[in-house]
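Each ligand, and each atom within it, is numbered from 1 in the order the structure gives.
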Amino acid sequence: MMKIDKDDLIEKVLIDEESLNLKIKQLAKTLNEHYADRDELILICILKGSVMFMTELAKNLNIETKMEFMSVSSYENNTYSSGNVKILMDLDIDIKDKEVLIVEDIIDTGYTLKKIKETLLKREPKDLKIITLLDKPERREVDIKPDYTGFKIPNDYVVGFGLDYNQLYRNLAYIGVVKRSVYEDIEEIK
Ligand code: IMP
Ligand code: MG
């Protein structure tokens, strides 16, 4: 697919850099309180979209924290979820009896997170919670609720701060709404 210029792609800024930083600091404060006096916390970053969120969050944590990574595929270069979630890269640590927090960029239909949660629960962590920067509750198709949420957003396709459109625009420092005209031909397939 052809590369689209950022100005032709983005309709508007939905969440600016300052609001993101402020919210992440608030989330970290909550985690610092909830996880105080507990065992070390294992953050699991779901690549690649959650990279920026996880690093900003981790910088603001004052509890013993490990940063781990896993990668799954669900969209296969579409703007809608296929529901067919595959683990592309698994954790390289054992999470049995550990305090685990899944760090997700966005929950849309919920298929991705449901699959990740089921997979990790089989490994018997002491505790498993979910934090997501963004949530599109209107789009949910399976029953899954995050324990901590940054922002609830409307049903628009967004990019930036880790989130991509065809692997591009992850490096934007803000969250922007993609113009519907850019992807509406794909949406019609749903
Ligand atoms: P779900 O399985 O439908 O919940 O999809 C979740 C995954 O799809 C997220 O972790 C994102 O990687 C991706 N995703 C969902 N909505 C968006 C969006 O608006 N922009 C970019 N990626 C998205
Ligand atoms: Mg993701």
Side-chain angles (χ1 to χ4, degrees), residues 1 3-4 6 8-16 19-20 24 27 43-57 68-91 101-121 128-190:
M1 198 175 284
K3 182 176 171 292
I4 303 160
K6 180 166 72 62
D8 292 332
L9 183 97
I10 298 196
E11 177 96 51
K12 62 169 184 199
V13 175
L14 186 67
I15 310 167
D16 64 21
S19 310
L20 285 167
I24 293 172
L27 288 169
L43 299 177
I44 300 187
C45 172
I46 310 301
L47 294 170
K48 305 168 193 165
S50 307
V51 156
M52 293 214 190
F53 178 40
M54 160 123 139
T55 53
E56 286 309 306
L57 190 67
E68 303 294 337
F69 300 85
M70 84 190 270
S71 170
V72 299
S73 79
S74 56
Y75 273 40
E76 304 192 330
N77 293 328
N78 290 324
T79 52
Y80 58 94
S81 188
S82 61
N84 180 17
V85 182
K86 278 190 302 230
I87 295 184
L88 299 180
M89 189 192 93
D90 206 341
L91 297 171
L101 181 64
I102 301 172
V103 182
E104 185 56 301
D105 51 358
I106 185 165
I107 312 179
D108 190 38
T109 62
Y111 283 116
T112 308
L113 208 47
K114 185 165 188 270
K115 166 80 181 194
I116 294 169
K117 192 179 173 189
E118 281 170 5
T119 305
L120 296 183
L121 276 177
L128 182 68
K129 289 197 166 51
I130 297 166
I131 186 166
T132 188
L133 179 62
L134 307 175
D135 189 4
K136 292 187 205 169
E138 268 175 56
R139 298 254 307 164
R140 200 74 90 255
E141 288 178 23
V142 292
D143 182 30
I144 186 133
K145 286 185 195 70
D147 298 278
Y148 310 95
T149 303
F151 301 89
K152 286 191 178 158
I153 63 166
N155 177 18
D156 290 314
Y157 196 81
V158 292
V159 291
F161 205 71
L163 291 135
D164 75 304
Y165 178 74
N166 287 332
Q167 300 301 327
L168 291 169
Y169 316 105
R170 294 189 196 277
N171 58 314
L172 301 177
Y174 58 88
I175 304 278
V177 174
V178 174
K179 288 181 185 166
R180 287 208 169 245
S181 57
V182 172
Y183 63 91
E184 63 193 2
D185 49 333
I186 297 169
E187 286 281 297
E188 276 165 18
I189 303 169
K190 275 200 301 186

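Within 6.0 Å of atom NZ in Lys129, more than 12 heavy atoms from other residues, nucleotides or ligands are found, so the atom counts as buried in its surroundings. Counting non-hydrogen atoms of neighbouring residues, nucleotides and ligands closer than 6.0 angstrom, the NZ atom of Lys179 exceeds 12 such neighbours.
The N/O atoms of Leu113, backbone and side chain alike, include none that comes under 3.5 Å of an N/O atom in ligand 1. Ligand 1 has an N or O atom lying under 3.5 Å from an N or O atom of Thr112, backbone or side chain. For ligand 1, the polar-atom distance check against Leu163 finds no nitrogen or oxygen pair separated by under 3.5 Å.
Checking Asp16 against Ser19 by side-chain atom types alone, a donor-acceptor pair falls below 3.5 Å.
The shortest separation from a heavy atom of Asp156 to ligand 1 is under 4.0 Å, placing the residue in contact. Judged by the shortest distance from any of its heavy atoms, Arg139 lies outside the 4.0 Å radius around the atoms of ligand 1. The shortest heavy-atom distance from Gly110 to ligand 1 is under 4.0 Å. Look at Val159 and you'll find every heavy atom at least 4.0 Å from all atoms of ligand 1.
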Asp156 vs Arg180, test: salt bridge (charged side-chain N to carboxylate O under 4.0 Å, His left out). Steps then yes/no.
CA-CA 8 Å; Asp156 290 314; Arg180 287 208 169 245; 3.3 Å; yes
Does Thr132 form a side chain to side chain contact (heavy atoms under 4.5 Å, CB included) with Asp105? I'd like the steps, not just the answer.
CA-CA 5 Å; Thr132 188; Asp105 51 358; 5.8 Å; no
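Close contacts of ligand 1 with Asp105, meaning ligand atoms under 4.0 Å from a residue heavy atom, involve 9 (C), 10 (O), 11 (C), 12 (O). Within ligand 1, counting atoms from 1 as listed, the ones closer than 4.0 Å to a heavy atom of Asp164 are 21 (C). Of all the atoms in ligand 1, the ones that sit under 4.0 Å from a non-hydrogen atom of Glu104 are 10 (O).
Under a 4.0 Å N-O distance rule, the pair Arg140/Asp135 qualifies as a salt bridge. Using a 4.0 Å cut-off between charged side-chain N and carboxylate O, Asp147 and Lys145 make no salt bridge. Comment: Arg139 engages Asp108 in a salt bridge, judged by a side-chain N to carboxylate O separation of less than 4.0 angstrom.
Heavy-atom proximity to atom 16 (N) of ligand 1, evaluated over Arg170, Lys136, Lys48, Arg140, is greatest for Lys136.
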